[in-house]
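Here's the structure we're looking at; comments come further down.
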Amino acid sequence: MQQNHFLQRTVTCGELTHADAGKEVVLNGWVHNWRNHGGIIFIDLRDRFGITQIVFNPAISQELAEKAAGLRHEFVVSITGTVILRPESMFNPKMPTGQIEITASALSILNSAATPPLHINDPDASESEELRFIYRYLDLRRPVLQNNIIFRHKVTAEVRKYLWTNNFLEIETPILMKSTPEGARDFLVPSRMNKGRFYALPQSPQTYKQILMVAGFDRYFQIARCFRDEDLRADRQLEFTQIDTELSFITEEDIYRVFEGMMVELFKNCLGISLSTPFPKMSYHEAFHTYGSDKPDIRFGLTIKDVTSVFQNSEFKVFKSTIEANGKIGAIAVADFASCTRKQIDNFTSLVAKSGAGGLVWLRVNDTGVEGPIQKFLSHEEIARLLELTETKSGDMIFMVAADEKVCFTSLGQLRLELASVRNLINKDEFKFLWVTDFPMFEFSEEEQRYVSVHHPFTSPRLDELDLFLSDEYFKTRARAYDLVLNGFELGGGSIRIHDSLVQKRVFELLGISELEAEEKFGFLLKALSFGAPPHGGIAFGLDRLVMVMLKLDSIRDTIPFPKTTAGISLMDNAPDRVARKQLDELGIQLQEKYNS
RNA sequence: GGACUGGUAGUUCAGUUGGUUAGAACGCUGGCCUGUCAAGCCAGAGGUCGCGAGUUCGAGCCUCGUCCGGUCCGCCA
């Protein structure tokens, strides 16, 4: 039976130092580890604040030592004792509290614990994520994971502090909202009172925050939960948290300044790192053609060179047919990598194949020119120009992909990341921010056979391209959109919005959304924009991902207390789950036969 | 929807060419041990080899299916 009354702690397990020697204290916590020497017994007592060593000495109390001998991992105890300065030879330099220990005078066991299925006290333990999810409450006891969650709290607190002091109002928006076309698949919530109708969970509070600007709140932010019913990844969960913002009477420059300032504060106060501003900017076009990505990692070089022009009259069939089909040939040069093995090349080849490339051409640079399987198809002039464009020297390695433009650069972009990791070119202690700007407004969707928004349909076209926007070549228009990229991760993105209902209508029209549908789905926004909407824009940052990058973690699951598996399942509580027939009846919902078992 | 990868003791893993009783470490239980901090020493318990078929005299190992974890592609305005 549990005890109703216990001695409450006077101090935590992380705060005692040599200055506290001699004090009488009470500590509450978990048995992190125990060491029984037959006589003397040591207990490492843990709470969120740290670990303190407790000593039970039979010379002081035989009875107490016998009781302590029964303590096991993860028992919950209350311990009374005296803070003792350890002799210097017994200091533990690995522990912040390693100069002191507690000589116990009383012990009360508040709760026992079953043998834990995880090695909570082993920082190097590597239980499967499956097991860690099932016993998430135990996993979360680990100092490492606990620090991630505490760090996330700090980031959130610093974000609030910064935005509050910069005139932002923290405002909540609905979780139950209207389903809108465009973008990710919505999570739907059936309405009992309005059978046959559904709410959607927000993919982002986009329309609400714009309407808050129309309403005159000027600057808004929200630590907002967002939901997207799409497949998961190491850096994507079904629900995630955005630092969502919107500002009135601003331009891109204000966004850059305000949020560079936010990052400076976050990195200073959470990591003790000072960032220098302004962050560099790069157009989407440059990012794509030199890094093969819209979120380039600029901590290292290995840039992609467009070498199509070199092979304009090539005898090599693959290059010739690619150029005839209006494709591109891109190259990456790797310094001093002529030692590259056949096996590595095979790996690189299958890597670019994943992005759709038909093959990977490679050439070793030597004193007389190049060597490789396709060298015999290349003229002296082509080789000379290639070496010049790629700025290579003897001992270097050149990789090339010939394909349509998108495949060519994206596959080389993937290869670039792999090469950086193989060649160990990434300084993991570096944080390199980058604004990517000048995204196109539209891109053609093969699947839907129409143009779709690159960012979202509320993004303003560039003012200097309004003529283009209104012309037949509207699809070439660039958007007033921007992404903040850090070390190859998209931390956030946003845009200056359309605040003119006529421009907004034109976008819907170009996206193939009929006037009727636009009215039905977005009529409320169009109407709002017609009542004197201020120029406005905003940006949203992925909090989970930000924390992940700041802590150099491999997955956002380690920044989230209760994440879901790649199948979208919460293993601890088994959500989603079947529901009672009665619940479905109340909603007017019937399952398809095959899902009834 | 697809590709790859993993699933063996409570946990992390090993398990040869298909062959006797499936091993190790940590944890757990018991014993010894008065200064450890990954304590040490001795002993013991602990297995539906994810699940289901199949091949075979014989399957942890081979084949097929299936479930689960993970990585990636598609998807993610």
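Heavy-atom basis, side chains included; hydrogens, waters and symmetry copies ignored. Letters A, B, ... mirror the listed sequences (proteins, then strands); counts begin at 1.
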Tell which nucleotide pairs with B/A3, taking only Watson-Crick or G-U wobble pairs whose two distances are both under 3.5 angstrom.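 The base-pairing partner of B/A3, which may sit in any strand shown, is B/U71.
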Who is the Watson-Crick or G-U wobble partner of B/G65, with both distances under 3.5 Å?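 Across all strands, the one nucleotide that pairs with B/G65 is B/C51.
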Can you tell whether the side chains of [X] and [Y] come within less than 4.0 Å, N to carboxylate O?
X      : Y      : result
A/R228 : A/E230 : no
A/K564 : A/E239 : yes
A/R136 : A/D139 : yes
A/E520 : A/K178 : no
A/D244 : A/K209 : yes
A/D297 : A/R416 : no
A/E465 : A/R478 : yes

Check every strand shown and say whether [X] touches a base, only sugar-phosphate, or nothing at a heavy-atom separation below 4.0 Å.
X      : value
A/A567 : sugar-phosphate
A/Q53  : base
A/P457 : base
A/S204 : base

Output yes if the stacking criterion (under 5.5 Å between centres, under 30° between planes) is met for A/H37 over the base of B/G35, else no.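 One would not call A/H37 stacked on the B/G35 base.
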Between C1' on B/U71 and CG on A/L351, what's the gap in Å once rounded to a whole number?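 The answer, rounded to whole Å, is 13 Å.
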Interatomic distance, A/R132 CZ vs B/G69 C1' [rounded to whole Å]: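 Rounding to the nearest Å, CZ of A/R132 and C1' of B/G69 are 12 Å apart.
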Look at the side-chain N and O atoms of A/R233 and state whether any lies under 4.0 Å from the OP1 or OP2 oxygen of B/C73.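 The answer is yes; a side-chain N or O of A/R233 sits under 4.0 Å from OP1 or OP2.
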Looking at A/T565, does any N or O in its side chain come under 4.0 Å of the phosphate oxygens OP1/OP2 on B/G69?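 Checking B/G69 against A/T565, a side-chain N or O does come within under 4.0 Å of OP1 or OP2.
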Just the atom pairs and distances: protein N or O near nucleotides 12-14 of chain B's N or O, under 3.5 Å.
from: B/U12; atom 1: OP1; to: A/S128; atom 2: N; distance (Å): 2.9

Assuming nearest nucleotide by heavy-atom distance, tell me which of A/K94 and A/E101 is located more 5' along RNA chain B.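 Result of the comparison: A/E101.
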On RNA chain B, compare the nucleotides closest to A/R35 and A/L571; which residue's is nearer the 5' end?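 Whichever sits nearer the 5' end wins; that is A/R35.
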